[in-house]
Number of protein chains: 2
Amino acid sequence: MIIQGDCLIKLKEIDDESIDLIYLDPPFYTQKKQSLISRDNSKEYFFDDAWENVESYKKYIQDRLVECKRVLKNTGSLFLHCDRTASHHLRLALDEVFDSINFQSEIIWSYKRWSNSKKGLLNSHQTIYFYSKSPEFKFNKIFESYSPTTNIDQIFQKRVRDENGKTKYKKSDDGESELMEQKMGVPLSDVWEIPYLNPKATERVGYPTQKPVILLEKIIHLVTDKGDIVLDPFCGSGTTLVAASLLERKYIGIDISKDAIELTKTRLKNPMKSESALLKNGKEAYMNQDQKVLEILNEIDAIPVQRNKGIDGFLKIKNTMRPVPIKIQREKETLEIAKDLLLKASKKNGFQLGILVKTNNTQTNSLFKAIDTPKDNLMIIDNLKNLPKIKALLEHNLALL
Amino acid sequence: MIIQGDCLIKLKEIDDESIDLIYLDPPFYTQKKQSLISRDNSKEYFFDDAWENVESYKKYIQDRLVECKRVLKNTGSLFLHCDRTASHHLRLALDEVFDSINFQSEIIWSYKRWSNSKKGLLNSHQTIYFYSKSPEFKFNKIFESYSPTTNIDQIFQKRVRDENGKTKYKKSDDGESELMEQKMGVPLSDVWEIPYLNPKATERVGYPTQKPVILLEKIIHLVTDKGDIVLDPFCGSGTTLVAASLLERKYIGIDISKDAIELTKTRLKNPMKSESALLKNGKEAYMNQDQKVLEILNEIDAIPVQRNKGIDGFLKIKNTMRPVPIKIQREKETLEIAKDLLLKASKKNGFQLGILVKTNNTQTNSLFKAIDTPKDNLMIIDNLKNLPKIKALLEHNLALL
DNA sequence: TCCAGAGATGAATCCACCC
DNA sequence: GGGGTGGATTCATCTCTGG
């Protein structure tokens with residue numbers, strides 16, 4: 001069900017204790033009127049976020065939270081997606097409405113983001129507060145993989161206490177250890193690393209502040225079963241409803257914007273999500289460099305980059321605006337091939353000078369093999385110890401280029 | 001300098017605007033007296049955390065924050081390490097003392113921890129608030145490596161805005177992309193993944209709530225230079241001072257506990273930190289399974305494990321207490337070798353049944369190759385599609401074992 | 001029924017020891 | 001000596017029990 005209108009009013013039309021999960025992504029606390037333009041420039045979405053002060057913002061949310069609590073089943077839960085500038089005020093509101101005893105988790109949605117160059121740390125997480133209506137809330141345990149460093153042999157062993165009360169692993173008389181029962185993995189943590197919705201994701205419908213479907217799926221999985229009812233009072237482009245629909249939950253969405261409602265309706269006709277290759281395969285799948293290359297790059301204080309065939313990293317060189325790409329020769333790579341790869345990548349990107357580190361053991365005695373072919377602007381180094389000298393040279397000369 | 005006493009009183013003896021960085025890790029908001037015993041049972045540390053209510057706790061902190069602000073230089077910063085049950089109250093206190101305009105970051109210290117079986121998400125982060133005294137705060141930009149998925153071709157290209165205000169990559173007339181100036185990597189994010197101080201770390205001095213030196217080093221690097229003054233009004237075992245000393249900053253530590261002061265003094269005679277192998281080498285160094293194996297394990301919903309030669313994971317099987325290890329045959333591994341490895345590992349750990357997945361293409365037609373040698377309790381599967389049937393079989397039969 | 005204290009838990013690391 | 005692995009130790013734990 002999708003309803004247009006102010007959720008405070010529309011919520012009042014919903015029965016007491018009828019909802020299993022409420023997810024809210026309310027407007028942010030900004031002091032100016034927002035207007036954000038959709039991707040294809042066809043639509044403009046207005047956010048009437050002109051709050052007098054943070055207290056009036058808090059009251060606005062709190063009024064709606066009270067209604068949310070009413071419609072929530074006794075086993076139900078609420079997730080509030082917070083604005084980073086006002087998250088503490090929102091948690092205060094939650095404490096007042098739900099009581100701090102029902103605070104379950106501060107979920108951190110963390111993601112990597114393109115940098116902006118502001119002074120300070122790069123803001124790359126958002127906070128979601130998880131409150132239950134009562135201690136009897138429904139909760140489905142979700143398990144994750146063990147850390148690769150975990151000693152599995154050991155955690156399957158039973159333990160006993162010694163005379164000082166310290167625990168030890170239990171051994172039978174013949175020195176054998178006793179087995180514990182089956183384990184399902186590690187309980188899900190409260191820090192969720194989920195990629196920010198890729199600008200080009202097929203999932204994108206052009207709505208600002210759109211959230212990834214996977215994020216909502218995770219929440220829905222956690223506290224509902226099939227057939228349960230999910231409510232989103234600020235449904236926006238309908239991500240929550242899409243996720244609910246994909247997981248066979250019933251859903252109710254409310255939004256004040258007519259455009260958002262339209263968008264949600266069309267989106268729900270064909271609910272879909274984009275598969276994140278990053279999440280599915282893990283970061284490791286993208287690591288096409290072996291440990292050795294990373295070590296070398298680290299040693300020479302270069303910036304490693306991963307997704308480029310001819311370039312392994314960039315040198316940090318002062319006094320120049322030119323990026324200097326560097327490539328480390330692979331074990332099974334002839335110097336010629338390595339050279340070609342670097343040159344090609346360099347040329348494509350317009351870099352003026354590339355540095356190739358020779359790693360096989362047929363060494364020459366020169367400081368570096370000299371600029372191989374001046375027109376190519378390629379330098380080959382066969383002894384890393386010389387690199388500082390070369391860097392100094394470059395810092396001196398590149399400014400002239 | 002290390003001072004014993006209530007920091008509210010001792011702070012008053014410090015000059016105005018004389019400190020570059022203040023880090024506070026105040027007592028937590030618990031409603032009962034805590035007493036925590038040190039590792040070797042030799043000492044007991046008391047925390048007088050008997051706050052009437054959260055308001056009195058907030059006031060306790062706020063009083064001290066006022067003094068902190070006074071002693072801070074105009075370019076100085078303050079980092080407050082928060083109790084998760086009261087972080088919102090603490091941020092309110094910070095807003096009141098420092099003004100919300102000087103809020104810089106909510107730093108998430110995220111880590112993996114041994115779990116405990118509570119209902120809900122596994123709590124695995126802590127929050128540190130970063131406020132500056134003024135907008136003119138000192139800040140050293142720190143850069144990290146690019147994410148492996150980053151397409152570096154793009155990050156060096158200049159961008160322009162099109163007529164609609166959207167950014168595009170700038171192309172010169174001949175279609176070549178124009179280069180940006182050199183980049184140093186991705187600016188440090190506000191989510192810090194730092195391993196929890198390990199139970200066996202040599203860095204440990206037996207003080208409860210001890211923080212990793214690396215965490216403090218990161219903070220100190222961020223907002224101070226060599227020779228600057230770092231202050232910790234709740235210095236505890238002196239981690240902040242150790243980090244400051246290692247980075248050649250001056251330091252002042254205050255703590256109310258005599259024992260803590262003693263501990264700090266001896267610790268500072270030989271300041272050290274433990275190298276985290278995990279941080280140094282990265283998680284990837286511990287991964288000994290290739291992508292293909294992980295994919296198969298994922299497909300059959302098994303729990304992957306890394307640190308074990310003969311075992312790649314464990315099956316999730318209901319109705320049994322017995323862990324069922326599984327191994328995937330490697331490409332360059334004969335069936336015999338794979339079998340031996342699994343058997344050996346199984347036997348060592350006392351598992352009653354192991355499952356080996358055959359992956360080379362000489363297929364048989366049987367459902368599974370049958371229990372190879374019944375006394376070994378080994379099953380060989382050569383068609384993954386049959387696994388669900390086998391799991392059902394197991395769920396039925398294993399209970400009998 | 002509530003609270004205090006005992007007892008069980010459980011995975012992540014580093015360390016020590018082994019070959 | 002170096003790579004592998006068994007073990008120790010931890011929790012501002014969590015749950016259960018008994019008064």
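Convention: sequence-line order gives letters A, B, ...; per-chain numbering from 1.
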S.K.: Which residue, B/Lys309 or B/Arg84, contacts DNA chain D at a nucleotide closer to its 5' end, judged by nearest heavy atom?
M.R.: B/Lys309

S.K.: Please give the stem ranges for DNA chain C, sorted by first residue number, where a stem is three or more consecutive Watson-Crick or G-U pairs and both donor-acceptor distances are under 3.5 Å.
M.R.: C:2-8 with D:13-19, C:10-19 with D:2-11

S.K.: Would you say the side chain of B/Asn198 and the base of C/dT13 hold a donor-acceptor pair, judged only by whether the two atoms sit under 3.5 Å apart?
M.R.: yes

S.K.: Any idea which of D/dT13, C/dA11, D/dA12 is nearest the B/Ser115 side chain?
M.R.: C/dA11

S.K.: So B/Trp109 and B/Tyr196, would you call those rings parallel, tilted or perpendicular, with 30° and 60° as cut-offs?
M.R.: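 Ring orientation, 0 to 90° scale: parallel.
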
S.K.: Rounded to whole Å, how long is the line connecting atom CD of B/Gln126 with atom C1' of D/dT13?
M.R.: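 From B/Gln126 CD to D/dT13 C1': 14 Å.
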
S.K.: Looking across every strand, which nucleic acid part, if any, lies under 4.0 Å from A/Gly185 by heavy atom: base, sugar-phosphate, or nothing?
M.R.: sugar-phosphate

S.K.: Can you confirm whether B/Lys59 is buried at NZ, in the sense that more than 12 heavy atoms of other residues, nucleotides or ligands lie under 6.0 Å from that atom?
M.R.: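 For B/Lys59, atom NZ is not crowded (no more than 12 foreign heavy atoms under 6.0 Å).
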
S.K.: Are side-chain N/O atoms of A/Arg91 and B/Ser87 paired as donor and acceptor at under 3.5 Å?
M.R.: yes

S.K.: Does CD belonging to B/Glu193 count more than 12 external heavy atoms closer than 6.0 Å?
M.R.: no

S.K.: Distance check, C1' atoms only: D/dC14 and D/dT10, in whole angstrom units.
M.R.: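 Those two atoms are separated by 14 Å.
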
S.K.: Would one find more than 12 heavy atoms of other residues, nucleotides or ligands at under 6.0 Å from atom NZ of B/Lys118?
M.R.: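 Enclosed.
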
S.K.: Kindly write out the residues that satisfy ring pair (Phe, Tyr, Trp, His ring centres under 6.0 Å) with A/Phe98, not counting sequence neighbours, or none if the list is empty.
M.R.: none

S.K.: With a cut-off of less than 4.0 Å, is there a side-chain N or O of A/Ser147 near OP1 or OP2 of C/dT13?
M.R.: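 True: A/Ser147 side-chain N/O within range (under 4.0 Å) of C/dT13 OP1/OP2.
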
S.K.: Taking all atoms of both residues into account, what is the closest heavy-atom pair of B/Arg267 and B/Ser237, and its distance?
M.R.: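 For B/Arg267 and B/Ser237, the tightest heavy-atom pair comes out as NH1-O, 3.0 Å.
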
S.K.: Of all the nucleotides listed (D/dA12, C/dA11, D/dG7), which has the minimum atom distance to the side chain of A/Gln157?
M.R.: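 Output: D/dG7.
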
S.K.: Give the rounded distance in Å between these two atoms: CG of B/Asn308 and P of D/dG6.
M.R.: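 Checked: the CG to P distance equals 8 Å.
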
S.K.: Side chains of B/Ser124 and A/Asp190: any donor to acceptor distance under 3.5 Å?
M.R.: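 Yes - a donor-acceptor pair under 3.5 Å links their side chains.
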
S.K.: Check the distance between C/dA11's C1' and A/Met184's CE and give it to me in whole angstrom.
M.R.: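 Taking atom C1' of C/dA11 as the reference, CE of A/Met184 is at 16 Å.
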
S.K.: With ring centroids as reference points, do A/Phe156 and B/Phe314 lie under 6.0 angstrom apart?
M.R.: yes

S.K.: My understanding is that only residues two or more places apart in sequence, or in another chain, count here; which of them pass salt bridge (charged side-chain N to carboxylate O under 4.0 Å, His left out) with B/Lys309?
M.R.: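 Once residues adjacent in sequence are excluded, B/Lys309 has no partner under the salt bridge (charged side-chain N to carboxylate O under 4.0 Å, His left out) criterion.
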
S.K.: Does the pair B/Phe130 and B/Tyr23 meet the rule for a ring-ring contact (aromatic ring centres under 6.0 Å, His included), with working shown?
M.R.: CA-CA 9 Å; B/Phe130 166 18; B/Tyr23 167 86; over 10 Å; no

S.K.: Between C1' on D/dA12 and CG on B/Leu197, what's the gap in Å once rounded to a whole number?
M.R.: 14 Å

S.K.: Could you pull out all residues at least two apart from B/Asp255 that satisfy salt bridge (charged side-chain N to carboxylate O under 4.0 Å, His left out)?
M.R.: none

S.K.: Between B/Asp83 (CG) and D/dA12 (P), how many Å, whole number?
M.R.: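 After rounding, the gap between these two atoms is 11 Å.
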
S.K.: Which atom pairs link the protein and nucleotides 15-19 of chain C when you take only N or O atoms and keep those under 3.5 Å?
M.R.:
from	atom 1	to	atom 2	distance (Å)
C/dC15	OP1	B/Thr202	OG1	2.9

S.K.: Can you measure B/Asn123 atom CG to C/dT9 atom C1' for me and round it to whole angstrom units?
M.R.: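 These atoms are roughly 17 Å apart.
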
S.K.: With respect to the phosphate group of D/dT10, does any side-chain polar atom (N or O) of B/Tyr111 fall under 4.0 Å of OP1 or OP2?
M.R.: no

S.K.: By a 5.5 angstrom centroid cut-off and a 30 degree plane limit, is there stacking between B/Phe28 and D/dA12?
M.R.: yes

S.K.: Go nucleotide by nucleotide along DNA chain C from the 5' end; which of B/Asn116 and B/Arg113 gets its closest nucleotide reached first?
M.R.: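 Looking at DNA chain C, the more 5' nearest nucleotide goes with B/Asn116.
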
S.K.: If you restrict it to nitrogen or oxygen atoms, what contacts under 3.5 Å exist between nucleotides 15-17 of chain D and the protein, and what is each distance?
M.R.:
from	atom 1	to	atom 2	distance (Å)
D/dT15	OP1	B/Ser117	O	3.2

S.K.: Provide, to the nearest angstrom, the distance between the CZ atom belonging to B/Arg204 and the P atom belonging to D/dA8.
M.R.: 17 Å

S.K.: Given the structure, check if the side chain of A/Gln154 and the base of C/dA11 hold any donor-acceptor pair shorter than 3.5 Å.
M.R.: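 No pair found.
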
S.K.: Return the value, rounded to whole Å, for the distance between atom CD of A/Gln104 and atom C1' of D/dC14.
M.R.: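 That distance rounds to 14 Å.
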
S.K.: Which part of the nucleic acid does A/Asn151 contact within heavy-atom distance under 4.0 Å: base, sugar-phosphate only, or nothing?
M.R.: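 Answer is base: heavy atoms of A/Asn151 come under 4.0 Å of a base.
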
S.K.: Any donor-acceptor pair under 3.5 Å linking the side-chain atoms of B/Tyr57 with those of B/Asp83?
M.R.: no

